[in-house]
Protein chains: 2
Amino acid sequence: MQRLTLHEDRFSGNAYKVRLTASLIDVKIHESIQYEISKGGTRTPDFLSKINANGRIPVLQVGSDKYLPESNAACYYLATGSRLIPSDPWKHAQVLQWMFFEQSFVEPTIGTLRYWFKRTGEDNFSQEQQVVSSSKRESAETALQVMDAHLATRDFFVDEEMTLADAVLYAYVHLAPEAGLDLARWANVHAWCRRISNHSGFVSMDYRESEET
Amino acid sequence: MQRLTLHEDRFSGNAYKVRLTASLIDVKIHESIQYEISKGGTRTPDFLSKINANGRIPVLQVGSDKYLPESNAACYYLATGSRLIPSDPWKHAQVLQWMFFEQSFVEPTIGTLRYWFKRTGEDNFSQEQQVVSSSKRESAETALQVMDAHLATRDFFVDEEMTLADAVLYAYVHLAPEAGLDLARWANVHAWCRRISNHSGFVSMDYRESEET
């Protein structure tokens, strides 16, 4: 594989997805370039024209001039041909199902709530954040309930072994406590989190509270 | 391919994605089962236990007992092996990039606004809808701007021919006027919409105002 550079913010669960995926399949990310989203680092003219016109990280850079935004697309690219992506068409479809579920029902709920709680702080919430946070919390609880019921009869989301669906879901699900959600309420999800964190190739998120703004 | 049943609401752009994809590659959907989201048809115990625990349509049913929620996963499943999914790994990665972009920045902005305008009606907006609709509008405009700039030098999103990325993006982008956004402001997006609608295998959305609640 060509030289891999990850344009990221270590605080971002989406960036962690890419690091976790790479670690699980023993792929080396050669360089990390850090941005502080809250300080506009991903909205500079240079970033927008060269790295991602949508002004977001993470972006996986492959070689010197190929840039891939969207964390789940980056994870899939890295995991292509690995055991994380089943070759059976129906299992493959279910991996994508849970990856799109993650982008629609986990990242915008748990991920956004966590960002607001940790980076904005509840005392500084705008009117919109005040109004929206309770419905995001309800949606996060619904998503956790759906996942918990699914995991009642399974160790992993799609197959008997871990797939890419588990890796991308884990990134924000394991951060639910930082969004004010106690994972002990969803025992199957809680057990699944422990299962992932004990999996060979696992890497933890590695950001420290002290690094936060 | 096994017998295909689409659990859907004809009003849904997500359901249209699946119909458009099937039409483009000449795959027949044998049966359509209609639900009215606004009347709770997708939240019945039977639907939740059998079809989708997340209570959402569309769901692609394959054969008698396999159910695939998440429209973009269903589209990918149908299009596997077709010309809509490039075999080149980098092009494939970009198709997924735009499919995840669609789920994160198009469906929750244009799609949700359109649903609110058409099904709730601006006069009946809740406090949350009033507060959120203006930021959703801004996010929709940003997404359209990103797409417009991308299409300045290209006929389609990833390749010289249409891919699955174009099909899934078209579903809600072409409905932007129903979300109060005039596509004439984004000339490249506007021209791309015409290009899609003239493409061989294209099928229009086929819902009539008179069918709405």
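Chain letters run A, B, ... following the sequence lines, proteins first and then strands; every chain starts at 1. Please read all numbers here as calculations on a predicted model, not as lab measurements.
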If I measure from the heavy atoms of chain A, does H92(B) come under 4.5 Å with its side chain, its backbone, both, or neither? side chain
Does any backbone or side-chain atom of S104(B) lie under 4.5 Å from a heavy atom of chain A? Answer side chain, backbone, both or neither. side chain
Turns out that what part of V146(B) lies under 4.5 Å from chain A's heavy atoms comes down to side chain
Which atoms of F100(B) come close to chain A, meaning under 4.5 Å heavy atom to heavy atom: side chain ones, backbone ones, both, or neither? both
Taking atom CD of E31(B) as the centre, report whether more than 12 heavy atoms of other residues, nucleotides or ligands fall under 6.0 Å from it. yes
Out of Q145(B), Q94(B), Q97(B), return the one with the most heavy atom pairs under 4.5 angstrom to chain A. Q97(B)
Within the distance-only criterion (no hydrogens, no angle test), does the side chain of R19(A) pair as donor or acceptor with the backbone N or O of A15(A) below 3.5 angstrom? no
Count the heavy-atom pairs under 4.5 Å between each of A53(A), A143(A), S135(A), A74(A) and chain B, then report the option with the highest count. S135(A)
Going by the angle between their ring planes, with limits at 30° and 60°, are W116(B) and F125(B) parallel, tilted or perpendicular? perpendicular
Polar side-chain atom of Y35(B) near backbone of T42(B) as donor-acceptor pair, under 3.5 Å: no
Between H174(B) and Y16(B), is the gap from one ring center to the other below 6.0 Å? yes
Quick one: does F101(B)'s side chain get under 4.5 Å of V106(B)'s, heavy atoms only? yes
Contact part of P108(B) toward chain A, heavy-atom cut-off under 4.5 Å: side chain, backbone, both or neither? neither
Against chain A, label Y77(B) side chain, backbone, both or neither, depending on which of its atoms sit under 4.5 Å from a heavy atom there. side chain
Do other residues, nucleotides or ligands put more than 12 heavy atoms under 6.0 Å from the CG atom of D26(B)? no
Check each atom of V62(B) against the heavy atoms of chain A and say whether the ones under 4.5 Å are side chain, backbone, both or neither. side chain
Chain A heavy atoms under 4.5 Å from A93(B): which part of the residue, side chain, backbone, both or neither? both
